[in-house]
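These notes are about the structure you will find just below.
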Amino acid sequence: MSATLRQKVLVLYLGTSALDSPVKGWSMYDGTGKESYTTGDSTVPPYDNGLDALLDGWRVIQIPTLIPPYPGEEYTTSFMKYPFVFEKLEEI
């Protein structure tokens, strides 16, 4: 009998477009049903940077689109600019 796989998704917002830059924000979703996460349930990120997530078995499935700021908007704050989406397949 083959194992049933379910997807876990991790979104890491990094400080820059480099995978080894520090995590500034994150979200996690568990398709296995084993864990439930909610916004703000931890003040400590699951990883220090994106490279640490790769080393732990997460696979990158999306990298950020780099968009230059409009002239005059270089120093304004807005959305987090560098989201990396990771997945991990786990048996249930």
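Keep in mind the model is a prediction, meaning the values are calculated, not measured.
- Rounding to the nearest 0.5 angstrom, the gap separating the OG1 atom in T32 from the CD atom in Q7 is 11.0 Å.
- Y82 and P64 make their closest contact through CA-CB, 3.8 Å (heavy atoms, listed as atom of the first residue, atom of the second, distance).
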Quick one, Y47 with W58, criterion side-chain hydrogen bond (donor to acceptor under 3.5 Å, both in side chains). Give me CA distance, side-chain angles, the key distance, then yes/no.
CA-CA 11 Å; Y47 299 97; W58 290 90; 2.8 Å; yes
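- In this structure, I63 places its CD1 atom where only 12 or fewer heavy-atom neighbours from other residues, nucleotides or ligands lie under 6.0 Å away.
- With N49 contributing its side chain and P22 its backbone, the two residues share no donor-acceptor pair below 3.5 Å.
- Closest approach of P83 and Y13 over heavy atoms only: CB-CE2, 3.4 Å.
- Once rounded to the nearest 0.5 Å, the distance linking CD1 of I61 with CZ of F86 reads 10.0 Å.
- Across V23 and P45, no two heavy atoms sit closer than the pair CG1-CB, 3.7 Å.
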Full working for side-chain contact (heavy atoms from CB on, under 4.5 Å) between L54 and L19
CA-CA 9 Å; L54 286 177; L19 269 172; 3.7 Å; yes
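- To the nearest 0.5 Å, the span separating CG on L51 from CG on L12 amounts to 11.5 Å.
- Comment: K88 engages D56 in a salt bridge, judged by a side-chain N to carboxylate O separation of less than 4.0 angstrom.
- Clustering ILVMFWY residues whenever any of their side-chain heavy atoms sit less than 4.5 angstrom apart, transitively, puts L89 in a cluster other than the one holding V60.
- Distance check: S27 OG to Y37 OH gives 11.5 Å after rounding to the nearest 0.5 Å.
- Taken from CG in L10 to CD in E87, the straight-line distance is 11.0 Å, to the nearest 0.5 Å.
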Hey, mind stepping through K8 and E90 against side-chain contact (heavy atoms from CB on, under 4.5 Å) and telling me if it holds?
CA-CA 7 Å; K8 292 179 80 172; E90 294 197 357; 3.4 Å; yes
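- Shortest non-hydrogen contact noted between K34 and E91 is NZ-O, 3.2 Å.
- For the atom pair OG1 of T16 and NZ of K24, the computed distance is 9.5 Å after rounding to the nearest 0.5 Å.
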